[in-house]
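Note sheet for the following structure.
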Amino acid sequence: MKRILITSALPYINGIKHLGNLVGSQLPADLYARFMRAKGHEVAFLCATDEHGTPAELAAIESKTSTEDYCRKMWQTQKDLSAQFFLSFDFFGRSSSSSNHALTKAFALNLDDNGLLKSVNERQLYSAKDKRFLPDRYVIGTCPDCSYERARGDQCENCTRQLHASELIKPSSVLSGSQDLELIKTKHLYLMQSKLKEKLLTWIESNDHWPKITTSIAKKWLMDGDGLQDRSITRDLSWGIPVEKNGKPWKGMENKVFYVWFDAPIAYISATIDWAKSKKKHPDFWKSWWLNDHGAEDVHYVQFMAKDNIPFHTLSFPATLIGSGQSWKLVDYIKGFNWLTYDGGKFSTSQKRGVFMNQALELFPSDYWRWWLLSNAPETSDADFTWRSFQSSINKDLADVLGNFVSRLTKFTFSKFGATIPNGSRYGEQELNAIREIEKVFISYDDAMNKIEIRKATSYLRKIWSIGNEYLQRSQPWVKIKTDTAEAAKTIRFGFNLMLFFSEISEPFIPSTSNEIKYCLGKSNEKSQWPSLKEDFTSIFEKIDYGDDFKQIENLFVKISNDYALDLAKRFSGTNN
RNA sequence: GGGGGGUUAGCUCAGUUGGUUAGAGCAGAGCGCUCAUAACGCUUUGGUCACAGGUUCGAGUCCUGUACCCCCUACCA
């Protein structure tokens with residue numbers, strides 16, 4: 001048994017996440033967590049909301065509540081939605097938790113003690129009307145290069161030049177439109193990542209098995225231009241973790257908070273602390289997951305995230321951990337994802353374009369979404385969501401291949417014998433052939449799951465389901481029953497064992513359906529057991545015996561009609577169209 | 001500007017260290033079955049592997065160049 005630490009990128013607090021956010025981190029992380037648990041490993045699967053920063057404050061203002069209340073509410077909403085998607089977090093915390101406050105401050109202190117923090121004088125645009133410093137993105141004005149009038153403070157969309165908000169001509173606030181902006185002197189703490197460049201490079205190069213996208217993004221930031229840049233880790237904001245030293249205001253950093261990107265990844269650790277607390281574990285329990293000198297050396301740590309997060313997880317956060325001088329566990333494998341697009345364009349939270357987690361669940365059960373998203377995960381390049389593709393996946397893969405297999409088997413059995421597996425003969429050549437074929441594909445499936453090759457895994461899983469239909473077709477119990485009941489009964493028993501097997505190996509993808517199948521077989525309370533490749537594979541299909549009862553269930557999946565798919569495409573085309 | 005990823009059948013994608021007739025699912029065609037959600041099974045039609053050169057006995061795979069698409073580029077997170 002191994003210990004597996006799994007974290008998925010922290011969802012930002014300012015609203016309900018869309019399917020792109022879901023498939024980029026939390027959902028594949030859940031798949032892996034369920035797989036590893038089923039294999040009998042000890043898993044810590046953790047996540048938390050990322051709550052600090054300007055967008056959270058603005059969203060709170062918009063909803064006319066305090067930032068604290070807004071975040072508490074959205075945290076609850078996101079937590080509930082995760083649960084409805086059957087995301088099996090061991091703990092879903094908050095980056096605003098008191099443990100994260102304490103830990104973040106402790107990291108800053110250690111980094112300072114190790115000479116890795118410096119104070120830098122800057123000038124920032126302050127908006128009197130908005131009563132806040134404006135991040136570059138929140139300033140709009142005329143580009144000094146191409147004279148485009150609606151250039152954003154970070155980059156001109158017209159000529160693509162990188163900008164600083166202070167360079168804009170006639171800058172105005174995106175929030176209020178106010179032009180009453182003033183450049184004010186301010187000071188910020190910088191994390192001197194550049195000093196850790198060699199250590200980071202060595203560490204990254206020691207991980208030669210990482211996905212290409214992960215390593216190439218990390219190296220680019222590490223080596224490009226003047227190399228790794230030092231990075232400011234504080235902000236002039238009120239909502240966040242106050243910059244303090246030993247419980248007192250940090251000299252020269254009064255009224256400032258830590259930058260979200262500094263405190264957010266630290267929440268992986270504090271979520272572990274909060275989890276342990278909630279489980280009433282020994283106070284040092286969390287350390288066995290995170291500190292190498294407390295046993296974390298043999299933990300296998302895997303992170304899931306979309307590609308925009310990769311620099312922070314390959315450089316900034318490791319710099320924080322390494323720079324602290326303590327024996328923190330570094331990530332072993334980073335699974336990075338590309339983007340999911342919506343019907344050829346971007347998912348957009350601000351423009352309400354695409355499908356959001358709450359809407360998705362109002363339309364279809366979570367397994368429908370889990371299946372489409374995972375079988376189309378943007379692993380090698382961006383992937384596109386279309387209702388047509390969704391319809392096809394659900395109807396063919398789930399309803400026709402898996403759903404119909406269960407349906408034809410249970411209905412046939414019930415109509416001929418009632419809700420009990422009838423007595424019959426021993427397995428013969430046909431069953432052994434099917435088992436051999438399944439074993440072959442299962443080995444590939446198990447391998448793909450181990451390597452977190454998700455699309456590949458789905459195609460193997462689908463193949464295994466379809467072997468069930470092929471077997472029934474060859475065995476023809478509906479013909480056999482006329483002449484040889486024992487033969488038909490044998491096929492039925494094997495078929496029910498296939499059902500159980502399908503339910504076990506499909507659980508990471510479609511946990512809810514998997515439970516339904518188990519309910520049908522009277523095994524709802526039994527924990528999923530991943531078939532072992534070491535034992536005799538044949539014995540896996542002996543778990544259901546003659547005389548066992550089953551319950552009739554409704555069709556597992558309802559098909560999506562053409563009309564409905566078209567209707568949905570129209571309904572979700574976005575407010576901008 | 002710099003960097004990354006992509007371009008393979010009508011569609012969505014696999015193609016391991018270069019090795020005989022380039023694969024899968026969907027869609028299309030034909031046949032079979034009738035237990036089942038008009039579901040299932042079998043067979044089958046589709047490809048100058050973006051383009052142009054090069055290396056090699058041999059290139060989808062390696063090199064160079066070109067075109068197009070997507071993404072990142074550190075203050076949205």
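This structure is a prediction, so every number in the text was calculated from the model and none was measured.
Within the 4.0 angstrom heavy-atom criterion, base atoms lie near A/Gly227. Using a 4.0 Å heavy-atom cutoff across all strands shown, A/Ser392 reaches sugar-phosphate atoms only and no base atom. When heavy atoms are screened at a 4.0 angstrom cut-off, A/Gln229 is found touching base atoms of the nucleic acid. If you check every strand for non-hydrogen atoms under 4.0 Å, A/Arg388 touches nothing. Using a 4.0 Å heavy-atom criterion, one finds that A/Arg455 contacts the sugar-phosphate atoms exclusively. Within the 4.0 angstrom heavy-atom criterion, no nucleotide atom of any strand lies near A/Lys219. Nucleic acid contact class of A/Glu122 (heavy atoms, under 4.0 Å, all strands): base. A/Pro55 comes within 4.0 angstrom of sugar-phosphate atoms only, judged by non-hydrogen atoms across all strands, and of no base.
Evaluated for a salt bridge (Lys or Arg N to Asp or Glu O under 4.0 Å) with A/Glu379, the options A/Lys451, A/Lys456, A/Lys335 yield exactly one hit, A/Lys335.
B/A38 and B/A50: their C1' atoms are spaced 41 Å apart (whole Å). Rounded to whole Å, the separation between the P atoms of B/C42 and B/U21 comes to 27 Å. Nucleotides B/U20 and B/C63 are separated by 25 Å at their C1' atoms, to the nearest Å. Comparing the same atom, C1', in B/G32 and in B/G47 gives a spacing of 30 Å after rounding to whole Å. Across the P atoms, B/C13 and B/U8 are found 9 Å apart, a figure rounded to whole Å. Taking atom C1' on both B/G60 and B/A22, the two are 8 Å apart, rounded to the nearest angstrom.
For the pair A/Ala383 and A/Ala399, nearest-nucleotide mapping onto RNA chain B gives the more 5' position to A/Ala383.
Considering only side-chain N and O atoms, A/Tyr471 lies nowhere under 4.0 angstrom from the phosphate OP1 or OP2 of B/G41. The side chain of A/Arg462 contributes no N or O atom lying less than 4.0 Å from OP1 or OP2 of B/A24. Between A/Arg231 and B/C75 there is a side-chain polar atom (N or O) within less than 4.0 angstrom of OP1 or OP2. Dashed line: the shortest gap from a side-chain N or O of A/Lys456 to OP1 or OP2 of B/C13 is not under 4.0 Å.
With hydrogens and angles disregarded, a donor-acceptor distance shorter than 3.5 Å links the side chain of A/Gln78 to the backbone of A/Tyr12. Of the possible donor and acceptor atoms, one in the side chain of A/Arg370 sits under 3.5 Å from a partner among the backbone N and O of A/Phe509. Between the side chain of A/Ser8 and the backbone N or O of A/Phe304 there is no donor-acceptor pair closer than 3.5 Å. Although no hydrogens or angles enter the test, the distance criterion places a donor-acceptor pair under 3.5 Å between the side chain of A/Arg455 and the main chain of A/Ala377. Judged by distance alone, the side chain of A/Asp484 and the main-chain N or O of A/Glu487 form a donor-acceptor pair under 3.5 Å. The main-chain N or O of A/Thr234 is found under 3.5 Å from a side-chain atom of A/His188 such that the two form a donor-acceptor pair.
Only A/Gly403, A/Asn404, A/Ser407, A/Arg408, A/Lys411, A/Phe412, listed by number, bring a heavy atom of residues 401-418 of chain A to less than 4.0 angstrom from any atom of RNA chain B. Residues from residues 550-566 of chain A with heavy atoms under 4.0 angstrom of RNA chain B, sorted by number: A/Asn555, A/Leu556, A/Phe557, A/Lys559.
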Just the atom pairs and distances: protein N or O near nucleotides 3-5 of chain B's N or O, under 3.5 Å.
from: B/G5; atom 1: O2'; to: A/Thr380; atom 2: O; distance (Å): 3.0

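With a 4.5 Å cut-off on side-chain heavy atoms, A/Leu498 and A/Trp465 do not count as touching.
In RNA chain B, the stems built from three or more successive Watson-Crick or G-U pairs (distances below 3.5 Å) are B:1-7 with B:67-73, B:10-13 with B:23-26, B:28-32 with B:40-44, B:50-54 with B:62-66.
Separation of the A/Phe385 and A/Trp372 ring centroids falls under the 6.0 Å cut-off.
Residues that satisfy the salt bridge (Lys or Arg N to Asp or Glu O under 4.0 Å) test with A/Arg152, not counting sequence neighbours, are A/Asp154, A/Glu157. With sequence neighbours excluded, the residues satisfying ring pair (Phe, Tyr, Trp, His ring centres under 6.0 Å) with A/His313 are A/Tyr268.
With a glycosidic angle no further than 90° from 0, B/G46 counts as syn.
Under 3.5 Å, the side chain of A/Gln476 and the base of B/C33 form no donor-acceptor pair of N or O atoms.
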